[in-house]
Peer 1: 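Could you have a look at this structure, given as structure tokens, before my questions?
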Amino acid sequence: MTTLQINGYVPSRLDPRRAAELRPEVEHFNIEYCAVLDSGQVEDWPRFFTEDCIYRITARENAQLGLPVGLVYAEGRMMLQDRAVAIARTQMFAPRTMVHILGPARVLAEEGTDILAQCNFILLQTLVEGPTTLHLAGTYYDRLRRTAEGLLLQERQVIYESSIIANDLVYPV
């Protein structure tokens, strides 16, 4: 199993025709993932991951330096469920709406039942009594696994661009 490379350019190892065949499936997955988050159904978010998943949010600078420190790190669906329940049921932050804007998926490799892909995103946030602001911009580095339930994330590394971020990054990206 290839480790996800999360810094620098990685050429696709797929024939362009095969990448084009996989792209709609990966993009559909990302659209559904973001639709759940954008609709505020955070407790449904963990269902997009395998039981043994890894989810991390890391600054581009740390990723480029090979530093494993992440702003958010979770191993396994149970950790994601704990986080989702805490967010959904302990509103310790101002009510808000989120909107993801996704770039096209870039399919890099297919390894057995796994697909390695990238997707750029912009996350907009609107507080109840405030303007819409750019909350985060970055790239998803994914290992998607084919399962009986369809594609699931075995690993999602969220690499954000800015070294200065809002101090309220509690919501899944």
Peer 1: For side-chain contact (heavy atoms from CB on, under 4.5 Å), just list the numbers for Tyr33 and Arg156, CA-CA rounded to whole Å, side-chain angles, deciding distance to a tenth of an Å, and then say yes or no.
Peer 2: CA-CA 12 Å; Tyr33 175 97; Arg156 173 157 275 182; 3.0 Å; yes
Peer 1: For the residue pair Ala105 and Arg23, what are the closest heavy atoms and their distance?
Peer 2: O-NE, 3.0 Å
Peer 1: Mark yes when over 12 heavy atoms from residues, nucleotides or ligands other than Glu61 sit less than 6.0 Å from its CD; otherwise mark no.
Peer 2: no
Peer 1: Atom CG in Leu124, atom NE2 in His100: separation rounded to 0.5 Å?
Peer 2: 9.5 Å
Peer 1: Drop me the distance from Leu116's CG to Arg13's CZ, to the nearest 0.5 angstrom.
Peer 2: 6.5 Å
Peer 1: For the ring pair (Phe, Tyr, Trp, His ring centres under 6.0 Å) test, which of Phe48, Trp45, Tyr141 pairs with Tyr55?
Peer 2: Trp45
Peer 1: Which heavy atom of Glu43 sits nearest to which heavy atom of Val85, and what is that distance?
Peer 2: OE1-CG2, 3.7 Å
Peer 1: Glu21: which residues meet the side chain to side chain contact (heavy atoms under 4.5 Å, CB included) condition with it, sequence neighbours left out?
Peer 2: Arg18
Peer 1: So which heavy atom on Tyr73 is nearest to which on Ile54, and how close?
Peer 2: CE1-CG2, 3.9 Å
Peer 1: Is the backbone of Gln118 close enough, under 3.5 Å, to the side chain of Arg106 for a donor and an acceptor to pair up by distance?
Peer 2: no
Peer 1: Taking a hydrophobic cluster as the set of Ile, Leu, Val, Met, Phe, Trp and Tyr residues connected by side-chain heavy atoms closer than 4.5 Å, whether directly or through intermediates, do Val10 and Tyr140 fall within one such cluster?
Peer 2: no
Peer 1: State, with a plain yes or no, whether a side-chain heavy atom of Asn120 is found less than 4.5 Å away from one of Leu102.
Peer 2: no
Peer 1: Is the shortest distance from a Lys or Arg side-chain nitrogen in Glu32 or Arg47 to a carboxylate oxygen in the other one below 4.0 Å?
Peer 2: no
Peer 1: When rounded to the nearest 0.5 angstrom, what distance separates CD in Glu75 from CZ in Arg56?
Peer 2: 8.5 Å
Peer 1: Would you sort out whether Met98 and Leu37 count as a side-chain contact (heavy atoms from CB on, under 4.5 Å), showing the intermediate values?
Peer 2: CA-CA 7 Å; Met98 309 298 274; Leu37 293 175; over 6 Å; no
Peer 1: Return the CG to CG distance between Leu152 and Asp142, rounded to the nearest 0.5 Å.
Peer 2: 12.0 Å
Peer 1: Decide side-chain contact (heavy atoms from CB on, under 4.5 Å) for Thr58 and Leu71; before the verdict, give the C-alpha distance in whole Å, the side-chain angles of both, and the deciding distance to 0.1 Å.
Peer 2: CA-CA 6 Å; Thr58 306; Leu71 186 64; over 6 Å; no
Peer 1: Would you compute the distance between atom CZ of Arg60 and atom OG1 of Thr139 and round it to the nearest 0.5 angstrom?
Peer 2: 5.0 Å
Peer 1: Using the rule given for side-chain contact (heavy atoms from CB on, under 4.5 Å), can you reason through Arg83 versus Val42, listing the C-alpha separation, both sets of side-chain angles and the distance that settles it, and then say yes or no?
Peer 2: CA-CA 9 Å; Arg83 183 173 183 82; Val42 69; over 6 Å; no
Peer 1: So if I apply the side-chain hydrogen bond (donor to acceptor under 3.5 Å, both in side chains) rule between Arg143 and each of Glu111, Glu155, Gln157, which one comes out positive?
Peer 2: Glu111
Peer 1: Give me the atom names and distance for the closest heavy-atom approach of Leu151 to Phe29.
Peer 2: O-CE1, 3.3 Å
Peer 1: When you measure from the side chain of Asp15 to the backbone of Arg17, do you find a donor-acceptor pair of N or O atoms at a distance under 3.5 Å?
Peer 2: yes
Peer 1: Tell me whether Val158 shares a hydrophobic cluster with Leu134, the cluster being built from Ile, Leu, Val, Met, Phe, Trp, Tyr side chains joined at under 4.5 Å.
Peer 2: no
Peer 1: Is there a donor-acceptor pair under 3.5 Å between the side chain of Ser12 and the backbone N or O of Val107?
Peer 2: yes
Peer 1: Give the minimum heavy-atom separation between Cys119 and Gly103, together with the two atoms involved.
Peer 2: SG-O, 3.2 Å
Peer 1: Grab the two heavy atoms, one from Cys53 and one from Leu80, that are nearest each other, plus how far apart they are.
Peer 2: SG-CD1, 3.6 Å
Peer 1: For the backbone of Phe49 and the side chain of Arg77, can you confirm whether one donor and one acceptor N or O come within less than 3.5 Å of each other?
Peer 2: yes
